[in-house]
There are 2 protein chains.
Amino acid sequence: MLTIGDLSRKTGVKIPTIRYYEQMGLLDAAERSEGNQRRYAAPERERLSFIKHARELGLTIEAIRELIDLSAHPERPCEEADRIAAEQLTAVREKIEKLRRLEKELKRIATRCAGDQIKDCYVIRALAHHDMCESDH
Amino acid sequence: MLTIGDLSRKTGVKIPTIRYYEQMGLLDAAERSEGNQRRYAAPERERLSFIKHARELGLTIEAIRELIDLSAHPERPCEEADRIAAEQLTAVREKIEKLRRLEKELKRIATRCAGDQIKDCYVIRALAHHDMCESDH
DNA sequence: TCATTTTCTATAGTGACTAGAGATTGGCCA
DNA sequence: TGGCCAATCTCTAGTCACTATAGAAAATGA
């Protein structure tokens, strides 16, 4: 059995975060030692790795909860799980698109400062006037 | 003079957000009508547009505060403003890079479900086992 | 046995808002 | 001038996914 510290080291999830996931219902309430400390075995470790991986992929706690509920019913069709993954993919693509536009504009702003005093600074002027932007956002 | 509602409509910044920016010190405390309602003129509107634009570009409230402080001292060199813009650019590029890796993996996960029941679902299995990932994150 | 480390609970803080309650003010129409 | 309703006011709490802190109890190693 692992202590919460062991589990934390093995999964790379911080201790308070593990307790937080338990509180949020992503992890079942852990078994306890005689002295009331949490003890974990392999299944909990796998579950936590699942959660960690999903979080890294940008899934919300809520989406992860859905997936966990799903996996508790292995006889159901997996369309739902596919849908959740597809939604994440769409969300990620939108974020990338938005950031690309920002990158373009920041690049323009950050490299074009003509004056050497704030009063002539291109950064300041560009931020003040949206109409200096080339793309819209 | 504009009411807070007028200002909100003209800038596209929601009313509670305007009050929040005032509280955070990004906007000076507004002039008030006899009945204690906020009244705004052109300079405040410009300032708010500046803030909005900067937020859209991903600058934090703190970074915006720095820029505002900077612009209050027009005689200073604009290196600082350049630095802030450059930092933002770096941050945005890192975010894009990270999201690209996630996109790649989600794409793989979301399109490869072989089974039609949860117990065979690729999504679930991929999330459980990081070592199924092609790139690292 | 003692000291150090780990863990426990509970609470508050983060950032950038958003939502709601309950009270006041402003503007318009008759 | 009165009445009405929308807009505004302040204040508090909620959001998300943690992170940090305090003070107490348990576990471990010398």
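Naming: A, B, ... by sequence-line order, numbering from 1 per chain.
Side chains of A/L7 and A/R45 form a contact here, defined as non-hydrogen atoms less than 4.5 Å apart. Taking 4.5 Å as the limit, some side-chain heavy atom of A/L67 sits within range of a side-chain heavy atom of A/L59. Between A/R55 and A/K52, every side-chain heavy-atom pair lies at or beyond the 4.5 Å cut-off. For the pair B/I96 and B/V92, the minimum side-chain heavy-atom distance is below 4.5 Å.
Atom CD of B/E56 and atom C1' of C/dC17 are 15 Å apart (whole Å). Residue B/E62 contributes atom CD, which lies 13 Å from atom C1' of C/dA16 at whole-angstrom precision. At whole-Å resolution of the value, CE in A/M1 and C1' in C/dT7 are 16 Å apart. In this structure, B/I15 places its CD1 atom 15 Å from P of C/dC17, rounding to the nearest Å. Residue A/I4 contributes atom CD1, which lies 7 Å from atom P of C/dT7 at whole-angstrom precision. Atom CG in B/L26 sits roughly 12 Å away from atom P in C/dG15 (whole-Å rounding). When rounded to the nearest whole Å, the span between CD of A/Q23 and P of C/dA10 equals 9 Å. Counting to the nearest Å, the C1' atom of C/dA16 and the NZ atom of B/K52 are 16 Å from each other.
Under 4.0 Å is where a charged nitrogen must lie from a carboxylate oxygen, and between B/E97 and B/R100 at least one such pair does. Ion pair A/R47/A/E44 not flagged as a salt bridge, since none of the NZ, NE, NH1 or NH2 atoms sits closer than 4.0 Å to an Asp/Glu carboxylate oxygen. Look at A/E66 and A/R83 and you find a salt bridge, because one of the NZ, NE, NH1 or NH2 atoms lies within 4.0 Å of a carboxylate O, short of that distance.
Contacts between residues 31-44 of chain B and DNA chain D, defined by a heavy-atom separation below 4.0 Å, involve B/R32, B/N36, B/Q37, B/R38, listed by number.
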Listed pairs under 3.5 Å, donor-acceptor, residues 17-32 of chain B side chains, sequence neighbours left out:
| unit_1 | atom_1 | unit_2 | atom_2 | d |
| --- | --- | --- | --- | --- |
| B/E22 | OE1 | B/R38 | NE | 2.9 |
| B/R32 | NH1 | B/N36 | O | 2.9 |

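Taking the 5' to 3' direction, DNA chain D first and last meets chain A under 4.0 angstrom from a heavy atom at D/dA17 to D/dA27.
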List the steps, then state whether side chain to side chain contact (heavy atoms under 4.5 Å, CB included) holds for B/E103 with A/L89.
CA-CA 6 Å; B/E103 184 199 7; A/L89 182 56; 3.8 Å; yes
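For the pair A/R19 and C/dC8, the criterion of a side-chain N or O lying under 4.0 Å from OP1 or OP2 is met.
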